[in-house]
Amino acid sequence: MMQVLPIQSDAHTKESPSPGRLIVLTGPSGVGKGTLMQELLKRHPELYYSVSATTRSPRPGEINGQNYYFISRSKFEQLVAQGEFLEWAEFAGNYYGTPREAVLNQVQSGKLVVLEIELEGARQIRTSFHGTLSIFILPPSLNELESRIRGRAQDSEDAIARRLCRAQEEIQAADEFDVQIVNDDLHNALNAIEATLFG
Ligand SMILES: Nc1ncnc2c1ncn2[C@@H]1O[C@H](COP(=O)(O)OP(=O)(O)OP(=O)(O)O)[C@@H](O)[C@H]1O
Ligand SMILES: Nc1nc2c(ncn2[C@@H]2O[C@H](COP(=O)(O)O)[C@@H](O)[C@H]2O)c(=O)[nH]1
């Protein structure tokens, strides 16, 4: 399930683009989006990384407000009703959403704002926001994807099965996005993202 709330009269909708820009980084769970993001932010601290809200439980080491805002389902649903998300989706049994106000403020102030989100949210952001640059990260193979998810050792068997099943659908959508990058060697993939963003 995915819903995008109505676009308000912001300065960066299709009608009136803003000086900043939204960058969407998407791709299947476990492909390495978060790892690439961390490295990218080290190289480019001027980027603004949007911290999402989720109803998923924190994994060991995850920090509230840094990795995610970890909130209850009822709180999430309340925020949806209040129009607080730019996009939101249900993924593998949990809700995930992009806080509207923080992201729009950053775009309006001229920042490159990076959203690391799953397929349905990425599609909706592309549809709604003119000038979004969208990057799809592909795994070298499904076997490698599975071993990365397992190697991370932070998901239950059930969650792994759901993520792998969804991954196959997501990979088929890669061509919908502006750029496709295979995350085989991490540094090559990082360089390719950098080249896409900064030329
Ligand atoms: N190029 C790579 N080669 C080998 N391992 C990698 C590579 N990139 C990431 N990994 C490893 O793969 C695992 C999954 O990476 P990561 O958590 O960044 O994926 P993700 O796409 O952000 O997942 P999710 O969408 O579920 O949050 C991690 O253990 C990470 O260290
Ligand atoms: N549509 C959205 N998807 C999001 C958001 N934040 C993260 N995600 C994606 O969810 C899956 C699962 O993440 P995990 O941390 O539980 O492994 C992954 O593809 C993330 O990119 C969001 O705000 N909206």
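Ligands are counted one by one from 1 in listed order, and the atoms in each one are counted from 1 as well. Because only heavy atoms are used, hydrogens play no part in the values below, and waters and symmetry mates are left out as well, while side chains stay in.
Here M37 has no heavy atoms under 4.0 Å from ligand 1, in either its backbone or its side chain. Residue contacts with ligand 1, taken as heavy atom pairs separated by less than 4.0 Å, involve P28 solely via the backbone atoms N, CA, C and O.
The closest protein non-hydrogen atom to atom 17 (O) of ligand 1 is R152 NH1, 2.9 Å. Distance from atom 31 (O) of ligand 1 to its nearest protein heavy atom, with residue and atom name: T35 OG1, 4.0 Å. Annotation: atom 14 (C) of ligand 1 to nearest protein heavy atom, G30 O, 3.5 Å. Residue, atom and distance of the protein heavy atom nearest to atom 8 (N) of ligand 1 are N183 ND2, 3.1 Å. Of all protein heavy atoms, the one closest to atom 22 (O) of ligand 1 is G34 N, 2.7 Å. In this structure, the protein non-hydrogen atom closest to atom 10 (N) of ligand 1 is R148 CD, 3.9 Å.
Looking at ligand 2, you won't find any N or O of E62 less than 3.5 Å from one of its N or O atoms. By the 3.5 Å distance cut-off applied to N or O atoms, G151 is not counted among the residues near ligand 1. Taking any N or O of D185, backbone or side chain, none lies under 3.5 Å from an N or O belonging to ligand 1. Where the criterion is an N or O separation shorter than 3.5 Å, residue side chain and backbone included, G97 meets it with respect to ligand 2. Looking at E144 next to ligand 1, no N or O pair under 3.5 Å apart turns up.
Residue contact check for ligand 2: Y68 places a non-hydrogen atom closer than 4.0 Å to it. Within the structure, ligand 1 has R163 among the residues with a heavy atom less than 4.0 angstrom away. Under a 4.0 angstrom heavy-atom cut-off, R59 registers as being in contact with ligand 2. Heavy-atom separations between E116 and ligand 1 include at least one value shorter than 4.0 Å. For the ligand labelled ligand 1, residue D184 lies inside the 4.0 Å heavy-atom shell.
For ligand 2, the atoms closer than 4.0 angstrom to any heavy atom of E87 are 1 (N), 2 (C), 22 (C), 23 (O), 24 (N). If you number the atoms of ligand 2 from 1 as listed, the ones under 4.0 Å from a heavy atom of R163 come out as 12 (C), 14 (P), 16 (O), 17 (O).
Salt-bridge formation is detected for the pair E157/R150: a Lys NZ or Arg NE/NH1/NH2 atom is positioned less than 4.0 Å from an Asp or Glu carboxylate oxygen. Salt-bridge formation is not detected for the pair K75/E84: no Lys NZ or Arg NE/NH1/NH2 atom is positioned less than 4.0 Å from an Asp or Glu carboxylate oxygen.
Comparing Q124, E120, E116 against atom 8 (N) of ligand 2, the shortest heavy-atom distance belongs to E116. By heavy-atom distance, the residue among E118, M37, R56 lying nearest atom 9 (C) of ligand 2 is E118.
Proximity of R163 to F91: side-chain heavy atoms (C-beta onward) are separated by under 4.5 Å at one or more points.
Under the salt bridge (Lys or Arg N to Asp or Glu O under 4.0 Å) criterion, the residue pairs touching residues 27-53 are E39-K42, R43-E194, with sequence neighbours excluded.
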Margin query: Quick one, S134 with T132, criterion side chain to side chain donor-acceptor pair (under 3.5 Å). Give me CA distance, side-chain angles, the key distance, then yes/no.
Written below: CA-CA 6 Å; S134 58; T132 298; over 6 Å; no
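Following chains of ILVMFWY side-chain contacts shorter than 4.5 Å, one can reach I181 starting from F198, so the two form part of one hydrophobic cluster.
For the residue pair D155 and I160, the shortest heavy atom distance occurs at O-CD1, 3.6 Å.
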